Amino acid sequence: MDAKNRFETRATFLLLRMEWFGGLVVCAVLGVRHFSEIRWGVFVSLFVVIDAIGYLPGALAFRRSPDGRISRWYFVAYNTMHSLVTWGFVAGVWAVLVEPEWALLALPLHLLGDRALFGNSLKPFGVLFEPHRHPAYGEFERVYLNSAGVGSGDSRRGADAVRL
């Protein structure tokens, strides 16, 4: 929402996902238009490596953990591999050292797909690796829904205030 209130309402989260979806559509259209120019081995490799390194190890560790707690390194791996900055750098280096190519569309397609279609973003250390409502967030949501807007006198109750 803003730098002092770092949470999303249901509406702002939907709008954010729609923005990511717009980028996803642009990349998908480019992929379809240049389908025959894509080196598919490179495309699939780039698409898969993001989760092979960034998600699967943490997901397996999480499922094997009796209490769901896993090393912070799994979160670091996830966030590094799911970062637009990481892959923007890799794509830039690739374009300079190899060549600019349409197979690089795998990177934004994967990352924007995660954000737009699944609502996944980067993972903070203070939550479980797989999505579960944090008790503190549940309490915050309860208080927020029952609070009046600052200076407005309006109740948040029933106003689609926070995402569920």
Side-chain angles (χ1 to χ4, degrees), residues 1-31 44 46-92 104-164:
M1 284 183 45
D2 61 42
K4 299 290 183 186
N5 300 287
R6 294 182 307 262
F7 65 92
E8 297 295 338
T9 67
R10 227 186 261 185
T12 58
F13 187 64
L14 176 62
L15 291 170
L16 188 57
R17 288 180 70 180
M18 287 173 53
E19 286 185 12
W20 293 119
F21 187 74
L24 179 64
V25 168
V26 168
C27 292
V29 167
L30 287 169
V44 170
L46 290 171
F47 194 92
V48 168
V49 74
I50 295 170
D51 281 342
I53 295 172
Y55 173 70
L56 292 176
L60 291 171
F62 177 80
R63 284 170 179 74
R64 290 181 178 159
S65 171
D67 63 359
R69 294 182 187 178
I70 60 174
S71 169
R72 288 180 170 223
W73 289 107
Y74 293 112
F75 291 82
V76 171
Y78 181 92
N79 290 341
T80 301
M81 296 304 287
H82 285 83
S83 168
L84 292 164
V85 173
T86 299
W87 292 107
F89 177 77
V90 169
L104 294 172
L105 281 173
L107 304 171
L109 284 169
H110 184 124
L111 300 174
L112 296 174
D114 276 356
R115 287 162 170 77
L117 303 176
F118 304 115
N120 295 332
S121 188
L122 304 179
K123 295 184 181 291
F125 293 136
V127 299
L128 294 174
F129 191 81
E130 293 290 359
H132 289 83
R133 180 179 296 277
H134 193 285
Y137 185 79
E139 177 61 15
F140 162 77
E141 180 181 51
R142 185 190 67 72
V143 171
Y144 183 81
L145 286 171
N146 290 314
S147 70
V150 175
S152 72
D154 293 333
S155 172
R156 304 254 187 261
R157 188 169 304 158
D160 198 30
V162 291
R163 69 183 157 143
L164 299 173

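Predicted, not measured: the structure shown is a model, and the values here were computed from it. Note that the numbering runs from 1 along the sequence shown for the chain. Just so you know, these numbers use all the heavy atoms, side chains as well, and skip hydrogens, waters and symmetry mates.
Atom NZ of Lys123 sits about 9.5 Å away from atom CG of Leu128, to the nearest 0.5 Å. In this structure, Ile53 CD1 and Thr80 OG1 are separated by 10.5 Å, a value rounded to the nearest 0.5 Å. How far CG of Asn79 is from OG of Ser121: 8.0 Å, rounded to the nearest 0.5 Å. One finds the CG atom of Leu60 at 9.5 Å from the CZ atom of Phe129 (value rounded to the nearest 0.5 Å). Here Asn120 contributes atom CG and Trp20 contributes atom CH2; the two are 12.5 Å apart, rounded to the nearest 0.5 Å.
A 4.5 Å side-chain heavy-atom check between Leu24 and Leu117 finds at least one atom pair inside the cut-off. Using a 4.5 Å heavy-atom threshold, the side chains of Ile70 and Phe75 count as touching. Arg115 places a side-chain heavy atom less than 4.5 Å from the side chain of Leu122. Within the 4.5 Å cutoff, the side chain of Phe125 has heavy atoms near those of the Val76 side chain.
Considering every non-hydrogen atom in both Met81 and Ile50, the closest pair reads O-CG2, 3.2 Å. Heavy-atom minimum distance, Phe47 versus His110: O-ND1, 2.9 Å. Here the closest non-hydrogen pair linking Ala106 and Leu46 is CB-CB, 4.0 Å. Listed here is the closest heavy atom pair of Glu8 and Thr12: OE1-OG1, 2.7 Å. Of all the heavy atoms in Pro57 and Ala52, the pair that sits closest is CD-O, 3.3 Å. Considering every non-hydrogen atom in both Ala28 and Leu109, the closest pair reads N-CD2, 3.7 Å.
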Residues Leu104, Trp87; criterion side chain to side chain contact (heavy atoms under 4.5 Å, CB included); working and verdict
CA-CA 9 Å; Leu104 294 172; Trp87 292 107; over 6 Å; no
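Aromatic pair Tyr144/Phe7: ring centres closer than 6.0 Å. You'll find the ring centres of Phe62 and His132 inside the 6.0 Å limit.
In this structure, Tyr78 and His82 have parallel ring planes: the angle between them is below the 30° cut-off, well short of the 60° mark.
Using a distance-only test at 3.5 Å, with no hydrogens or angles considered, no donor-acceptor pair links the side chain of Arg17 to the main chain of Phe13.
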